[in-house]
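Protein chains get the first letters and strands the later ones, always in sequence-line order, with residue 1 at the start of each.
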Amino acid sequence: MIRAFANPHRFMALSRWLAPACLGVGALLMVWSVWQGLWVVPHDDYQGGDIMRAMFVHVPSAWLAMASYMGLAATGLIWFVWRHELADMAAKSIAPLGAAYTAMCLATGSIWGKPTWGTWWLWDDARMMSVLVMFFLFLGYMALRAAMETRQKAARAGAILAMVGAVNVPLIKFSVDIWSSIHQDASVLRLDGPAMPPVYLTPLLIGGLAHMIFFAGLTMMLMRAEVWGRRGDVLIARKLSGA
Amino acid sequence: MKTPSPLRAAFRQALGEAWAGGAGVLLPIGFFAGAAMLVPFTVGSEASQLSSIGTGILWVALALASLVSMERVFQADLEDGVLELWAQEETPLFLVAAAKIIAHWLVSGLPLVLLTPPIGIALQVDPGALVPAMLAYGLGGLAFFLWGGVAGALAASVARGGLLISLLALPLFVPTAIFGALATLEGPGGPSLLFLAATTLFALSIAPFAASAALRLAVD
């Protein structure tokens with residue numbers, strides 16, 4: 001199955017219409033879920049009133065942040081084992097998007113945390129700390145790629161780092177959970193207190209789906225840009241050698 | 001003439017470099033002591049406050065000091081071509097990488113551990129707790145050096161890669177720092193020391209392979 005996706009010509013033909021389609025459908029669904037979240041759903045006093053509407057951006061961005069790190073590690077592994085160039089282009093494209101979604105998750109979490117917890121930042125919330133560590137993993141990945149001389153070396157170094165990071169992520173998560181369970185002074189309101197009624201759940205799930213589709217579209221767009229960039233490099237090299 | 005095995009050569013060379021001029025054993029020690037010394041100036045000198053954060057300060061100083069000389073560990077071998085020879089030897093490269101990292105820890109990690117009791121006493125930590133805590137600092141320091149070694153190998157071909165190494169390695173220090181700090185607070189016999197040892201074993205089982213893959217990349 002990987003082989004079928006690894007063909008750049010097939011990818012370019014497919015993504016030519018699939019990427020804009022994903023961006024359009026994702027944007028439409030996103031607008032719907034935000035509209036539902038901001039204006040339609042009733043506000044919930046248990047979760048701090050109107051501020052819980054931040055959930056419709058915050059929770060999807062948390063999902064996407066985690067999914068994009070998994071995607072980074074998976075594409076790194078695929079490139080490392082099979083050397084499919086498209087896998088590396090995907091990894092290169094996912095990294096800045098993942099960092100952006102991680103940053104968005106932290107920012108919306110802080111905005112939501114200020115009125116409900118009384119503070120912008122809680123050092124003893126395990127989820128915040130794990131996401132923060134993941135943000136630094138993304139930054140390190142991009143910095144390492146940027147520091148390498150050639151595309152090939154950037155791909156190899158990036159794949160090694162992404163895999164090392166991926167085996168460490170469960171350990172980081174586990175250790176941060178243990179650590180935060182020791183500081184129990186500040187009580188944290190948890191989403192999983194009451195089961196979420198469908199009036200919230202439906203826009204939230206649609207919002208998650210919207211961000212996933214949008215993310216896929218953005219990734220394909222960046223990959224297309226990378227393919228065009230490499231074609232440009234080949235044309236320049238050909239022209240220089242011919243002249 | 002029989003050439004020395006690359007393992008032994010790597011080990012001896014790393015030990016020898018520590019006494020050669022420049023970034024030797026003294027640099028991490030000076031950095032470690034200096035970083036710890038700065039803390040009372042910034043957080044205040046009250047004994048009760050210092051004694052409660054003293055072991056944690058030592059962990060931060062240890063984590064940072066373990067990265068000080070990491071830049072040169074593999075870069076020097078890459079520049080003088082030794083790395084290329086090692087990559088062609090029969091001895092697996094991951095063993096050479098492990099030997100280099102462990103030798104580097106012996107010369108610039110272990111002295112820091114020996115230095116924790118005096119600095120800890122200066123930071124008002126209970127002296128009785130500091131000697132058993134050395135085991136935790138030793139285990140944690142080894143894990144720091146192993147992950148730092150992976151970052152150092154990845155950045156071996158990068159000029160001025162020191163800051164890059166820190167950015168790559170510091171997120172990987174999180175589990176060791178957490179369990180290490182808990183272990184020094186609990187004292188000997190607590191469960192956190194076992195978790196700390198587990199993170200070090202985990203690093204020991206993964207880091208040499210990752211470092212050798214990164215070194216092959218640097219050689220190509």
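Contact of Ile160(A) with chain B is made through the side chain alone, with heavy-atom distances under 4.5 Å. In this structure, the portion of Ile206(B) lying under 4.5 Å from any heavy atom of chain A is its side chain and not its backbone. There is no contact between Phe135(A) and chain B, counting heavy-atom distances below 4.5 Å. Leu217(B) touches chain A through backbone and side chain together, each having a heavy atom under 4.5 Å away. Using a 4.5 Å cut-off between heavy atoms, Ala218(B) contacts chain A through its backbone alone, with no side-chain atom that close. For a residue to count as touching a neighbouring chain, one of its non-hydrogen atoms must lie under 4.5 Å from one of that chain's; by this rule Arg160(B) does not touch chain A.
The number of heavy-atom neighbours closer than 6.0 Å to CG of Leu205(A), taken from other residues, nucleotides and ligands shown, is above 12. Remark: Phe94(B) CZ is packed, more than 12 non-hydrogen atoms of other residues, nucleotides or ligands lying under 6.0 Å away.
Interface remark: of the candidates Leu163(B), Val150(B), Val174(B), Leu164(B), Leu164(B) forms the most heavy-atom pairs closer than 4.5 Å to chain A.
Closest heavy-atom contact between Pro171(B) and Leu137(A): CB-CD2, 3.8 Å. Here the shortest heavy-atom pairing between Ser175(A) and Pro175(B) reads OG-CA, 3.4 Å. What you find for Phe202(B) and Val167(A) is that their closest heavy atoms are CZ-O, 3.5 Å. In plain terms, the two heavy atoms of Asp220(B) and Arg156(A) that are nearest each other are OD2-NH1, 2.8 Å. When all heavy atoms of Val158(B) and Met148(A) are compared, the closest pair comes out as CG2-CE, 3.8 Å.
Taken to the nearest 0.5 Å, the CG atom of Leu171(A) stands 10.0 Å off from the CG atom of Leu172(B).
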